[in-house]
Amino acid sequence: MPENVFDVVVIGAGPVGENVADRVVQGDLTAAVVERELVGGECSYWACMPTKALLRDAAALRAARSLPGARAAVTGELDTAAVLARRDAFAAHWHDDGQVDWLQGAGISLFRGAGRISATRTVEVTDADGGTTVLTARHAVVVATGSSAAVPPIPGLADAAPWTSREAASAQAVPGRLAVIGGGVVGTEMATAFSALGAQVTLIARDGLLPSVESFASDLVAESLKAEGVALHLRTQPVDVRRDDEGTVHVALADGTNVTADEVLVATGRRPSTDSIGLENVGLTPGDWLAVDDSLRVLGADGVPVGDGWLYAAGDVNRRALLTHQGKYQARAVGDAIAARAKGTPVDVGPWGRHAATADERAVPQVIFTDPEIASVGHTAASAEAAGLRVRSVEYDLGAVAGASLHADGYTGRAAMVVDEDRKVLVGFTAVGPDVAELLHAATIAVTAEVPIDRLWHAVPAYPTVSEVWLRLLETYGRSA
């Protein structure tokens, strides 16, 4: 078995693994990545990029129809074939040549196959033909294998050939009827996309729609889905699923309702992709999420780093924040920390330190590309209180802002900010409405930088833009004092 020695070996060449390797190489170390599927990972081919491509055409059409002059120029309906073709282009037609070229240009070695930790700083790679290559890491091994869709043990579901997020993102045709099990981000976004593309969608959500966001935001999304003809079955769950000989899927719900569909999409959460990467060889349990410290070193059952701290985990696999951008943020911290430790230079793992992923706990931004969009960062009012913070939350009608009324006739939306009353800093922000995604980074900066509320008064929003909502929220906060 040939042996290859690198400073760092990364298992998983998704966006997280790519970024870890890139930071390592920029730190004057050598890096190899191991990938069993496509370089670029879930985000590039089955998640972020293709799903947003599925959603974008319908969003643009809604925007045009919200203005009288543009509405008059728009005729006909969405061209489904063109939407799917554009989605295919964003998924690079499920070929990774371009990303492989990028790796090579960055000086990163690629090994195709399944990576498995066999011993300290050692990874065995088994290729498609069964051949094995042994990789040795001088300094660190990084697990960046991500997560996969979790399929709940509902009777009959596994035998009904359900879609997961992968099949939905790569579907080559739009089913006439689609049942969606799960009311989280994937479930609501795919219900939005396939309804716009002509499917009759039924969404089943045991815990309600988008339960982790502010209720005013999830309520507006629910109203919009119903207006688009999506049937919502909330606070109930499937008890049996079967596909008959004609291919029709039958979903029996706990409340006695029966749903029929041509396809069923399961969107009930994620599970870590750690089943077969050799965790048992370092005292960990295969199939578990990987606990890490703030510099992303993997912790053993005793709560201390595995071995002498050579094993790291970044991205979904550590369960800190299952979002591509947070995984890439972790990747930058990991790569820089490994390079610093290799060179014997100081490692800053204090709050907001260069080598710490502090934002995972305090300032995680997210956009949910439903209709309307939801943009949030940091705490909701409920999560802040659960964290023991003494907070005050204020809301404002986003449609009442001059910029919003110009943006679209009948603009409907809302925004809220959550203020830590002891420190007088913003700890959370949520907005819901058309195109609110572009409001988010200002809020992310305010939360991350812990800008005092008194200083935010001096951040003057340009008029007339939707960002004027910041002034209105601050005024509302001042009046409610």
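FYI, side chains are in, hydrogens and waters are out, and symmetry mates aren't considered; it's all heavy atoms of this structure.
When every heavy atom of Thr430 is checked against every heavy atom of Ala217, the shortest pair comes out as CG2-CB, 4.3 Å. Taking every heavy atom of both residues into account, Val334 and Ala314 meet most closely at CG2-CB, 4.2 Å. In this structure, Leu54 and Ala168 approach most closely via the heavy-atom pair CD1-O, 3.9 Å. Residues Pro434 and Tyr411 approach most closely at O-OH, 2.9 Å, considering heavy atoms. Considering all non-hydrogen atoms of both residues, Val24 and Ala31 come closest at CG1-CB, 3.9 Å. The two residues Leu232 and Ala222 come nearest to each other via the heavy atoms CD1-O, 3.8 Å.
Although no hydrogens or angles enter the test, the distance criterion places a donor-acceptor pair under 3.5 Å between the side chain of Asn318 and the main chain of Ala313. Distance alone, capped at 3.5 Å, is enough to place a donor-acceptor pair between the Asn19 side chain and the Pro15 backbone. No donor-acceptor pair under 3.5 Å is formed between the side chain of Arg23 and the backbone N or O of Gly335. A donor-acceptor pair is defined here as one N or O able to donate and one able to accept, closer than 3.5 Å; such a pair exists between the side chain of Arg243 and the backbone of Asp262. Here the side chain of Arg320 pairs a donor or acceptor atom with the backbone of Ala357 at under 3.5 angstrom. Here the side chain of Asp7 pairs a donor or acceptor atom with the backbone of Thr30 at under 3.5 angstrom. In this structure, the side chain of Gln172 engages the main chain of Ser170 through a donor-acceptor pair within 3.5 Å. Without hydrogens or angle criteria, Thr122 side chain to Ser118 main chain gives no donor-acceptor distance under 3.5 Å. For the pair Glu263 (side chain) and Pro175 (backbone), a donor-acceptor distance under 3.5 Å is absent. With Thr285 contributing its side chain and Asp288 its backbone, the two residues share no donor-acceptor pair below 3.5 Å.
We find the OG-CG distance between Ser195 and Leu225 to be 7.5 Å, quoted to the nearest 0.5 Å. In this structure, Leu290 CG and Leu299 CG are separated by 9.5 Å, a value rounded to the nearest 0.5 Å. The structure places CG of Leu84 at 5.0 Å from CZ of Arg87, a figure rounded to the nearest 0.5 Å. Here CD of Gln330 is found 4.5 Å from CG of Asp360. Values are rounded to the nearest 0.5 Å. For the atom pair Ser109 OG and Asn4 CG, the distance stands at 8.0 Å (nearest 0.5 Å). If you take NE2 on His233 and OG1 on Thr202, they are separated by 5.5 Å, rounding to the nearest 0.5 Å.
Among Asp96, Thr133, Asp127, the single residue meeting the side chain to side chain donor-acceptor pair (under 3.5 Å) criterion with Arg112 is Asp96.
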| field | Full working for side chain to side chain contact (heavy atoms under 4.5 Å, CB included) between Tyr312 and Val306 | value | CA-CA 9 Å; Tyr312 293 74; Val306 169; over 6 Å; no
| request: Could you walk me through whether Met49 and Glu42 pass the side chain to side chain contact (heavy atoms under 4.5 Å, CB included) test, one step at a time? | output: CA-CA 9 Å; Met49 297 305 290; Glu42 201 80 9; over 6 Å; no
| said: The test is side chain to side chain contact (heavy atoms under 4.5 Å, CB included); show your working for Val239 and Ile154 and say whether it passes. | reply: CA-CA 6 Å; Val239 293; Ile154 299 169; 6.0 Å; no
| task | Report the C-alpha distance between Val185 and Phe369 in whole Å, list the side-chain angles of each, state the deciding distance to 0.1 Å, and finish with yes or no for side chain to side chain contact (heavy atoms under 4.5 Å, CB included). | result | CA-CA 8 Å; Val185 175; Phe369 291 87; over 6 Å; no
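The shortest distance between side-chain heavy atoms of Val432 and Asp219 does not fall below 4.5 Å. Contact annotation: the side chain of Arg414 approaches that of Glu395 to within less than 4.5 Å [non-hydrogen atoms, C-beta and beyond]. At least one side-chain heavy atom of Pro152 sits under 4.5 Å from a side-chain heavy atom of Leu157. Put simply, the side chain of Met190 reaches to within 4.5 Å of the side chain of Leu265, judged on heavy atoms. Side chains of Val251 and Val249 form a contact here, defined as non-hydrogen atoms less than 4.5 Å apart. Counting heavy atoms from C-beta on, the side chains of Leu38 and Ser44 never come closer than 4.5 Å. Two residues are said to be in side-chain contact when any heavy atoms from C-beta on lie closer than 4.5 Å; Leu197 and Val83 meet this criterion. Ile117 has its side chain within reach of Val282: a pair of non-hydrogen atoms, C-beta onward, lies under 4.5 Å apart.
In this structure, Arg65 pairs ionically with Glu77, as a charged nitrogen and a carboxylate oxygen lie closer than 4.0 Å. Remark: Glu37 engages Arg166 in a salt bridge, criterion side-chain N to carboxylate O under 4.0 Å. Using a 4.0 Å cut-off between charged nitrogen and carboxylate oxygen, Glu228 and Arg62 do not count as a salt-bridge pair.
Screening residues 152-202 for ring-ring contact (aromatic ring centres under 6.0 Å, His included), with sequence neighbours left out, gives Trp163-Phe194.
Ser224 and Asp371 form a side-chain donor-acceptor contact under 3.5 Å, judged by distance and modelled atom types alone. Using a 3.5 Å distance cut-off with no hydrogens or angles, the side chains of Glu189 and Thr51 do not pair a donor with an acceptor. If you check the side chains of Gln237 and Asp207, you find no donor sitting under 3.5 Å from an acceptor. A donor-acceptor pair shorter than 3.5 Å cannot be found between the side chains of Ser215 and Ser218. Between Asn258 and His250, the side chains place no donor N or O within less than 3.5 Å of an acceptor N or O (distance only, hydrogens not considered).
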